[in-house]
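In what follows, a single structure is set out as structure tokens and then discussed.
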Amino acid sequence: MPHKCTRCGKVFEELSDDMLKGCPACGNKLFFYMRSAAAEELAGRIRVEGIEEVEDVGADAENASQTMQMPQLDIESIRILKPGVYVLNLEALFSKEEIIMGIKEDGSYVIHLPSLFKTKRKRKKEK
Amino acid sequence: MGLRRGLLLLLRRILRRRNTKIGIYGAPNAGKTTLANRIIHDFLDNTEDIGVVSEIPHETRRAFRKEGILITAKGAKLRVDIVDTPGLATKIDFHDFLAYGLSEEEAKKRAKEATEGVIEAIKWLDDLDGVLLVMDATEDPYTQANIVIIGNLEARGIPFIIVANKVDLKNAAPARIKNAFPQHVVVPVSALKGDNMEKLYEEMARRFR
Ligand SMILES: Nc1nc2c(ncn2[C@@H]2O[C@H](COP(=O)(O)OP(=O)(O)OP(=O)(O)O)[C@@H](O)[C@H]2O)c(=O)[nH]1
Ligand SMILES: [Mg+2]
């Protein structure tokens with residue numbers, strides 16, 4: 001499945017271990033899982049890693065489909081219904097190594113690949 | 001396991017003084033931070049808190065660890081690190097926070113941080129030796145969050161105790177929790193008032209050693 005870096009745009013045909021640490025070309029940590037041309041177009045609009053940036057696109061997506069129902073989550077771990085409203089698929093978050101954020105109903109997803117691998121460093125140690 | 005290997009492991013454990021790492025999990029507002037504070041007050045320092053307790057859900061949005069708490073119960077000892085985690089939820093909606101007087105901007109920030117908090121809570125699971133799964137005994141225990149986490153704890157073989165919290169409240173029904181999860185250990189407590197905590201400590205010393 002092709003993945004595209006959301007910062008430098010480099011496309012990777014295969015997932016590699018390197019990518020878990022970030023984009024091998026630019027170090028960016030958000031990848032786009034490319035399923036369609038539309039997904040690719042959307043990927044071009046996401047620049048910064050993190051949920052915030054995805055939210056902006058999520059808002060557009062919501063405006064585009066006013067009739068959006070409470071979604072059936074299947075492969076996404078998190079769906080952003082609109083800014084500030086999240087639906088979490090706990091089962092997927094528990095069982096999958098990558099976090100997939102759904103932002104549109106046309107088969108486009110943002111994947112935060114390394115998020116599961118960088119906690120050790122990020123953890124706050126209580127003194 | 002051979003005797004030699006057993007001794008080596010024991011020796012290493014003593015040398016590294018590795019504590020048993022216990023995560024406190026559960027839905028928002030179940031009383032996780034209240035329970036963590038209670039444990040710390042009972043065995044470590046009466047003036048120290050691991051985190052802020054609040055009636056607003058998703059108060060805890062990062063995992064916090066407190067190390068080296070020596071729990072004693074009926075002669076049994078258990079040296080633990082306690083990890084207080086953000087509440088697990090299937091939907092996080094900033095509108096829910098507006099009623100508590102947060103501005104829209106604050107509420108949206110809280111929702112985002114709470115979502116990231118759920119991810120962090122789940123990631124911690126790999127590192128734990130045991131879990132206290134806290135449920136609010138005044139509420140229906142049969143939620144998706146509870147079911148998913150129990151399934152995962154079972155699958156990973158992590159020992160856990162269900163803490164039926166808030167039994168000081170009139171409408172608390174810890175029996176409902178026992179009925180919902182009959183194959184698991186359920187200890188009713190009031191983390192706020194300190195009721196029945198000795199029973200919980202005994203159970204922890206027994207299961208998490
Ligand atoms: N009556 C009663 N209230 C309790 C008890 N434990 C906690 N509470 C109250 O429940 C509310 C939530 O408590 P917290 O300890 O912040 O809950 P939490 O599980 O850490 O919540 P999050 O961090 O938001 O996930 C607070 O208003 C507490 O005072 C209890 O044993 N009895
Ligand atoms: Mg808390």
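Quick note on labels: first sequence line is chain A, next is B, and so on, each numbered from 1. The figures that follow rest on heavy atoms only: side chains count, while hydrogens, waters and symmetry mates do not.
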Just do the side-chain contact (heavy atoms from CB on, under 4.5 Å) check on A:Ile78 and B:Val118 with the steps written out, would you? CA-CA 11 Å; A:Ile78 296 170; B:Val118 171; over 6 Å; no
Going by residue number, which parts of residues 146-153 of chain B are within reach of chain A, meaning a heavy-atom gap below 4.5 Å?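 Checking residues 146-153 of chain B against chain A gives B:Val148, B:Ile149, B:Asn152.
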Crowded around B:Glu59 CD? As in, over 12 foreign heavy atoms under 6.0 Å?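 Yes, enclosed.
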Is atom OH of B:Tyr142 surrounded by more than 12 heavy atoms (other residues, nucleotides or ligands) closer than 6.0 Å?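 Atom OH in B:Tyr142 is not crowded, with 12 or fewer foreign heavy atoms closer than 6.0 Å.
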Test side-chain contact (heavy atoms from CB on, under 4.5 Å) applied to A:Tyr86 and B:Glu116, step by step: CA-CA 11 Å; A:Tyr86 304 87; B:Glu116 291 165 342; over 6 Å; no
Tell me, side chain or backbone of B:Ala145 under 4.5 Å from chain A's heavy atoms, or both, or neither?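 Both backbone and side chain.
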Side chain / backbone / both / neither for B:Arg156 at chain A, heavy atoms under 4.5 Å: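 The side chain, not the backbone.
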Roughly how far apart are B:Ile122 CD1 and A:Leu88 CG, rounded to 0.5 Å?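 Result: 7.5 Å between the selected atoms.
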If you take all heavy atoms of B:Ala111 and A:Gly84, which pair is closest and at what distance?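 Between these two residues, the closest heavy atoms are CB-O, 3.4 Å.
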